[in-house]
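Throughout, protein chains are lettered first and strands after them, A, B, ... in sequence-line order, and every chain is numbered starting at 1.
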Protein chains: 2
Amino acid sequence: MAKTPSIRPAVRRAPKTAVPARAGRKPGGPRQSKASEAAPYHHGDLHDALLKAAENVLERDGLGGLTLRAVAREAGVSHAAPTHHFGDLTGLVSELAAIGFRQFNVAMAAAGAIDAPPLMRAMARAKAYVAYAQAHPGMYGLMFRTERLDMTRPSLHEAATASFNGLAGAVGVSLQQQGDEEALSLEHAAAIAKAWSLVHGFTTLLLDGRLNDILRRLPKGNTVETLLDAMLRSTVSRPPGT
Amino acid sequence: MAKTPSIRPAVRRAPKTAVPARAGRKPGGPRQSKASEAAPYHHGDLHDALLKAAENVLERDGLGGLTLRAVAREAGVSHAAPTHHFGDLTGLVSELAAIGFRQFNVAMAAAGAIDAPPLMRAMARAKAYVAYAQAHPGMYGLMFRTERLDMTRPSLHEAATASFNGLAGAVGVSLQQQGDEEALSLEHAAAIAKAWSLVHGFTTLLLDGRLNDILRRLPKGNTVETLLDAMLRSTVSRPPGT
DNA sequence: GCAAAATCTTTACAGTGTCAATATCGAGGC
DNA sequence: GCCTCGATATTGACACTGTAAAGATTTTGC
């Protein structure tokens, strides 16, 4: 948030000898040159450790608690350590979102692999979509919190694109993996946008609590799942041109 | 963000005499006891002025720039002045979101008032929905940024509920204005959820830039409007039970 | 073996929300 | 008229935040 950096005079400190206790280090942690419990100056695998820590913080404290310093604390390193690995908060958060997209893609691939008629498979996919978001609400929120992300980061862009291609495939539109500029008919585009809008809209409204009123007023025995089911049933989702 | 408030000793200052220049005050501003240009200690209508300022900041700097202090600066008052009127940032932001919902409701009512067959009217409403969000992206984002809102605030709850009721009416389900616990059949609920999910999902994906790839690959001459049109055309949106 | 690069810590600074104390003004009461 | 009292606004402080610079330490390349 520092908008106007300024030059400051150098400061000289006495070299300190006491080793500060480093919190949160796993007992069988990775790569320790010395056998003692003293935390080494170099972590050895801080990049991945920070991402793990960030995921923990996100699940525990939500998006609002996901700060650089909180992640550093969780990982047991100084608050400025993440900078070297991710540049800034956007960098860390973007890499975390990439992990989220990869998790999501795995879940969707599993749901799409079932052997069932196309219409059943489409519903299974939609349910898997919502289920992932319900299981990882913070992560899903992060994946679509565009202002905190740098979508040009290769890892994030790749994972998000794969997710999009998977969605297009589920609607019956197969896209080249690398053909970023492949043409798209209006009907195909509409089919993709419709499916995505429907399931993403339902998910965000659900996570934001905007469907609570509807859910509460539903006949007894109904849940989010039955509502989603009824919603999808009324949507004939066959590929365009058939 | 102060988590642990602490008691501090009192500080005594010399009374200052110089009047600091108050920025951003309109020339023909409201309620001035003196004819001079000096800003009076009491603003007179700070509550509304802060909301206006907040709207300006939101449109100019987006959601990220919408801070208490930025709003106070915009209104030309001290950084702590908003506290008295809104309690905290959530309070101010929630009142602003209520204004957004009211603006939105006006726009939707206008779109629903046209004389046309039901299907045409449904499409006109959907277009008006997206158009509002495109015209006020910051505001629309704020209205659904649940973690920054206090939905129990009467003004916000009321405006948001009215918006929801309007949506239900557009889908052919009429709800009592005050009947918060009125039962809802699964089919009716699904119709509401489907329409809302579709249009809200499309809107958020669009504002978040997630549809850029699709839009770029569309045949020449197509825009967001034609895509939305094609999407809605493929959705038979008649009220359930018919 | 040693210089350079990579990694991590420390310190500093601007900006944020919120609270407490103070200052100023407006409206009633006498 | 004056005077208190409550409402309104300012000032100051504190605990946070992200980020930058500089120093400390370790690893790596040659």
Side-chain angles (χ1 to χ4, degrees), chain A residues 1-22 25 31-34 38-47 49-50 61 64-73 75-93 148, chain B residues 1-22 25 31-34 38-47 49-50 61 64-73 75-93 148:
Chain A
M1 301 227 176
K3 304 285 177 57
T4 55
S6 56
I7 306 104
R8 288 167 297 98
V11 176
R12 185 154 299 274
R13 289 170 291 107
K16 70 178 302 184
T17 52
V19 177
R22 182 167 291 178
R25 184 64 63 84
R31 230 217 92 265
Q32 226 87 341
S33 53
K34 302 173 187 171
Y41 197 96
H42 283 37
H43 183 284
D45 191 25
L46 190 52
H47 187 275
L50 284 170
D61 305 326
L66 187 60
T67 69
L68 260 186
R69 291 169 109 107
V71 171
R73 275 194 299 271
V77 294
S78 78
H79 66 266
T83 299
H84 186 79
H85 293 278
F86 300 98
D88 58 358
L89 178 60
T90 299
L92 171 60
V93 154
R148 297 192 62 172
Chain B
M1 301 225 176
K3 303 286 175 57
T4 54
S6 57
I7 307 105
R8 287 167 299 97
V11 175
R12 185 155 299 274
R13 288 171 292 105
K16 70 177 301 183
T17 53
V19 177
R22 182 166 292 179
R25 185 62 66 86
R31 231 219 88 266
Q32 225 88 337
S33 54
K34 302 172 185 170
Y41 196 97
H42 284 42
H43 182 286
D45 190 27
L46 190 50
H47 187 274
L50 284 170
D61 305 328
L66 186 60
T67 70
L68 262 185
R69 292 168 109 106
V71 171
R73 276 193 299 271
V77 294
S78 75
H79 66 264
T83 299
H84 187 80
H85 294 276
F86 301 98
D88 57 0
L89 178 59
T90 299
L92 171 60
V93 154
R148 296 192 64 172

* **Atom-to-atom span, NE2 of H85(A) to C1' of dC8(C) - whole angstrom** => 8 Å
* Gap between atoms NE2 and C1', on H47(B) and dA9(D) respectively (whole Å) -> 15 Å
* To do: Measure the distance from CG on L46(A) to C1' on dT7(C) and round it to the nearest whole Å.
  => 9 Å
* To do: Report the distance from atom CZ of R69(B) to atom P of dT17(D), rounded to the nearest whole Å.
  => 16 Å
* For S78(A) and dC8(C), is the shortest distance between a side-chain N/O and OP1 or OP2 below 4.0 Å? -> no
* For R148(B), check side chain to side chain contact (heavy atoms under 4.5 Å, CB included) against everything at least two apart and list the hits. => L63(B), L89(B), V93(B), R145(B)
* To do: Send over the distance from F86(A) CZ to dT7(C) C1', rounded to a whole Å.
  => 13 Å
* To do: Ignoring backbone atoms, establish whether R148(B) has a side-chain N or O less than 4.0 Å from OP1 or OP2 of dG17(C).
  => no
* Listed by chain and number, what are the side chain to side chain contact (heavy atoms under 4.5 Å, CB included) partners of A80(B), not counting sequence neighbours? -> none
* **Heavy-atom pair of closest approach, residues L68(A) and P82(A)** => CD2-CB, 3.7 Å
* If you look at every strand shown and take non-hydrogen atoms under 4.0 Å, does H79(B) touch a base, only sugar-phosphate, or nothing? -> base
* Distance below 4.0 Å between T67(B) side-chain N/O and dT16(C) OP1 or OP2 -> yes
* Asked: What's the CG-P distance between L68(B) and dT17(D), to the nearest Å?
  -> 18 Å
* Quickly, which of V71(B), L66(B), T83(B) forms a side-chain contact (heavy atoms from CB on, under 4.5 Å) with L92(B)? Name it, please. => V71(B)
* **Under 4.0 angstrom between R73(B) side-chain N/O and dG15(C) OP1 or OP2** => no
* Asked: Is H84(B) near enough to dT8(D) that one of its side-chain N or O atoms lies under 4.0 angstrom from OP1 or OP2?
  -> yes
